[in-house]
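Accompanying notes for the structure given below.
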Amino acid sequence: MDIKEIMEQMTLEEKAEVCSGGDFWHTRAFERLGVPAVMMTDGPSGLRKQGGTGDHLGMQESVPAVCFPSSAAVASSFDTALAGELGAELGEECQAEDVALLLGPGLNIKRSPLCGRDFEYYSEDPVLAGEMGAALVRGVQSRGVGSCIKHFACNNQETGRMVSDSVVDERTLHEVYLAPFETVVKQARPWAVMCAYNKVNGTYCAENRLLLTEILRDDWGFEGMVVTDWGAVKNRALGIRAGLDLEMPGGTDRGTKQILAALEDGGLTEGELDLAVENVLSFVEKAVAGSRTVAPDLERGYRLAVQVAERSAVLLKNEDGALPLAEGAPVAFIGDFARDPRYQGGGSSHVNSAKRSNPLDEAPAGVVFAQGYREADEEPDRALIDEAVAVARAADAAVVFAGLPERYESEGFDRTTLDMPAAQNALIAAVAAAQPRTVVVLLNGAPVTMPWADDVAAILEMYLPGDGAGEAAVSLLYGRANPSGKLAETFPMKLSDNPSYLNFPGEDDRTEYREGVFVGYRYYDAKELPVRYPFGHGLSYTTFAYSDLALDADAFTEGGELTCALTVTNTGACAGEEVVQLYVAPPAGMRRRPVRELKRFAKVALEPGESTRVAFTLDARALSYYEPLLHAFFAESGAYGIEVGASSRDIRLRATVAFTATRSLPRAFSAHSTLADIMATPAGAQVFGPVFDRMVAGAREAAGSDDVEGTRAMLAGIQLSSLVGFGMIGEEQLDGLIAQLNAAQTE
Ligand code: BGC
C-alpha cells in the first residue's frame with residue numbers, strides 16, 4: 001500500500017470515514033483505493049472472535065478458541081519467556097482466524113483488589129506489569145499480527161468506568177500508572193494503544209492530548225495507532241486533535257458527520273485529520289503485510305494453556321509436606337469447582353473454549369468426590385458439609401476446590417468484599433477441623449480473605465487457570481509439576497488494610513488516588529502492616545539458598561550502570577524453578593519513597609544440588625522516582641540498598657551502592673522559603689549554614705539552653721522574610737541573600 005498516494009486520492013469524506021470502524025470489529029474497507037477491512041478481536045487470554053452480532057461484554061457467541069490463564073495468573077509466573085511463548089501462540093491463533101489486532105494485554109495497575117477486572121491485569125507493581133506485558137506483545141507481534149495495549153490510562157475500577165475521573169498527581173501518574181505502558185511502548189513497540197473510557201485529571205482519555213500525544217508519542221516515541229475503547233468517544237473532533245485515530249465500534253456515520261462538521265466550522269484542520277488517517281492506514285498496511293495462511297492448531301494451544309497454568313500457580317502454604325499427594329492414596333476432592341472449576345473471567349475477555357479439563361476427570365485412582373457446596377449458594381448447606389466432612393475424614397488427605405463464583409467478579413462492576421461465599425468458608429473450616437491434611441485449591445481472579453488460612457495444611461492459588469485447569473491442578477497436587485509462581489499482588493489480611501480503601505471507588509464519579517505512589521506492597525511495607533501473603537511470595541516442593549551477592553562497583557553515577565550478581569542453589573530433593581527478585585531500597589531524601597521497590601527479576605530452573613549465578617544490570621532509572629519539579633525521573637545522590645530475595649518480605653541478601661546524581665533540582669528560593677527548605681539543599685546549606693549556626697548559638701545563649709538539635713529544629717520553621725521582621729537582617733540583605741542562594745543552586 002502506498003499510503004501517501006492513497007491519501008492524495010481520498011476525498012475529505014473518505015478521510016473522515018477511515019477514522020471509524022466499518023462494523024463492530026473491522027476497520028472500514030475502501031475498494032476504490034485498495035484498502036481492505038482488517039479485524040480486531042478481544043484478548044488477551046484467548047480469542048473472542050465474533051462472527052454474527054458483536055458486543056463488547058462477552059455476551060454473544062464467539063468462535064471456539066483456547067482459553068489461556070488470565071493475566072493475573074500469567075503475571076504470577078514471573079516468567080517473561082513463558083509470556084513470550086503465550087503471545088506467539090495467540091499470534092498464531094490470530095493468523096489462523098484472520099485477525100490482525102489482538103485487543104490486549106491490559107496493563108492497568110491493581111490499585112484495589114476489588115476492581116472487577118483485576119483478573120485481566122498483571123500486577124500492583126509497574127515493573128512486573130511492564131515486563132510481562134512487553135514479553136507478551138513481542139510474542140504476539142513476532143507472528144505478524146498486532147497487539148493493542150489497554151486501557152490507557154488509570155482505568156483502575158469498573159464502577160462508573162465510562163464517566164469517572166481518576167484524579168492522580170503527576171508523580172504517581174508517571175511512577176505507577178503510566179510506567180507499564182511506557183515500558184511496553186519503548187521495549188515492544190505495540191501496533192496500537194487503546195484509550196480508556198474514564199477521565200484522567202478532568203479530561204476524558206479519548207480527548208486527552210497530554211496522554212495521547214505529549215506523553216505517548218512525543219515522550220515515549222509511540223508510532224502506532226490509538227484506538228478508542230469500544231464506545232469511549234465523546235467529542236470526535238476533540239479526540240482527533242488530542243491524538244485519537246480510530247473510533248470503535250464503527251458501522252454508523254456518526255463519527256464521520258462529526259469530523260466533517262468540525263472541519264467545516266474550524267474545530268479541526270485537514271492536517272490534524274491527516275495524522276489520524278495516516279496512523280489508521282499504516283496499521284492496515286502492517287496487517288496486510290503480516291497476514292499469512294495458518295492452519296489452526298487448538299490442541300497445541302491447549303497444551304500450552306496447561307503448561308502456563310502449571311507454571312503460574314502459587315503455592316501459598318505447605319506445612320509438613322502436605323503436598324505433593326501420593327499417587328493412588330485415598331484422597332477426597334471436594335467442592336463444585338472440583339468438577340466444574342471457575343477458569344476464566346467475565347466480560348470482553350470471555351473465550352468460547354474448544355476443550356477443557358476439570359480436576360475430577362483428571363484425578364488418579366484413589367480419589368473420591370463430595371460436593372461440599374453449590375457454586376450458586378451463599379449460605380452453608382449443612383447436609384453437603386456433613387457429607388464432605390465424612391468423606392474427608394475417611395481419606396488420607398482432603399483437597400477443597402474453592403474460590404470466587406463468576407457472579408462475584410467481572411468486567412463492568414467491582415467487588416464490594418474480599419470474602420468468598422460463606423458456603424465455601426464454612427465448608428473449608430469444617431473439613432480442616434476433621435482432616436489435618438486439608439489442602440485448599442483457589443480459583444479466583446483476585447485476592448480473597450482466608451479466615452481458615454491458619455487451619456489448613458496447604459493452599460495452592462491457581463487464579464483463573466484457563467482450559468487446562470484440571471490437568472494443571474492435578475499435576476501440581478501430585479508433584480508431576482513443581483509450583484513456581486509468586487504473587488504479583490499482596491493478599492491483605494482484610495479489605496480495610498488496602499491503601500485505596502477510603503478512596504475506592506470514589507464519589508460523584510471522581511476517584512482521588514490519595515495514597516499516591518503507595519500502592520500495594522509499597523504501602524503495606526511503609527506502614528509495617530501484617531499481610532496474609534506478601535507480594536513476591538510463593539513456595540516450591542524444593543528449597544533454594546541465596547548467597548554471594550556481588551556488585552561490580554560500590555558507586556555509580558547517572559549514565560552509568562551497575563551489575564549485581566548472586567548465586568542461587570537448589571537445596572532440596574527435586575527439580576524446581578525459583579523467581580529471584582531484586583528490590584532497590586532508596587535512601588531518605590527530599591521525597592517520601594517506598595521502603596523497597598521491585599526493579600529486576602529472573603526465573604531460574606535448577607536440578608537438586610545445582611547452583612547458578614544470576615546477574616542483573618541496574619541503571620539510574622532503577623533508582624529513580626518521578627520528580628515533579630523536573631517533570632522527569634530522577635535519583636538523588638545517596639546510598640541505595642540492593643536487596644535480593646524470594647519475596648518482598650523475604651530478603652536474603654543485601655548490599656549498598658553509592659549513587660551520584662549529575663542533575664540538581666530547580667528549586668527557586670524566595671522570601672517565603674523556610675530555613676528548613678534552604679538547609680535541606682547542599683547549595684542552601686553552604687550559603688546559609690554559617691548564618692544559621694550563628695542564629696542557633698544566639699538563641700541558645702538567650703534561652704540558656706544547651707539543646708543544639710532542638711534549637712535548630714525550632715528555628716528551621718522560620719521563613720526567610722521573618723528574619724527582616726525579627727530585625728536580624730535588613731530588606732536589601734534579604735534580596736541579596738535570595739539572589740545568592742538561587743545562584744548557588746545553579747552552579
Ligand atoms: C473493554 C475492552 C474491550 C472492548 C471490546 C470494552 O468494553 O473495556 O477491553 O477490548 O470492550 O470488546
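As the structure lists them, so they are numbered: ligands from 1, and atoms in each ligand from 1. Everything numeric in this text was worked out from a predicted model, so none of it was measured.
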Check your understanding: Mind checking whether W25 and W230 have parallel, tilted or perpendicular rings, split at 30° and 60°?
Key -> tilted
Practice item. Just do the side chain to side chain contact (heavy atoms under 4.5 Å, CB included) check on E120 and K150 with the steps written out, would you? Key: CA-CA 11 Å; E120 246 185 278; K150 64 190 189 184; 4.1 Å; yes
Check your understanding: For F78, which residues count as a ring-ring contact (aromatic ring centres under 6.0 Å, His included) partner, sequence neighbours excluded?
Key -> F601
Practice item. For ligand 1, would you mind listing the residues that have at least one heavy atom less than 4.0 Å away, ordered by chain and number? Key: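 Ligand 1 pocket, heavy atoms under 4.0 Å: W25, D42, R48, H56, L103, R117, K150, H151, R161, M194, Y197, D229, W230, S348, E411.
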**Study point:** Set of salt bridge (charged side-chain N to carboxylate O under 4.0 Å, His left out) partners for R28, sequence neighbours left out
**Key:**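 R28 satisfies salt bridge (charged side-chain N to carboxylate O under 4.0 Å, His left out) with no other residue.
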Point to revise | By salt bridge (charged side-chain N to carboxylate O under 4.0 Å, His left out) - contacts of E489 (at least two apart) | key: K110
Point to revise | Y177: which of Y121, F152, Y513, Y626 passes ring-ring contact (aromatic ring centres under 6.0 Å, His included) | key: Y513
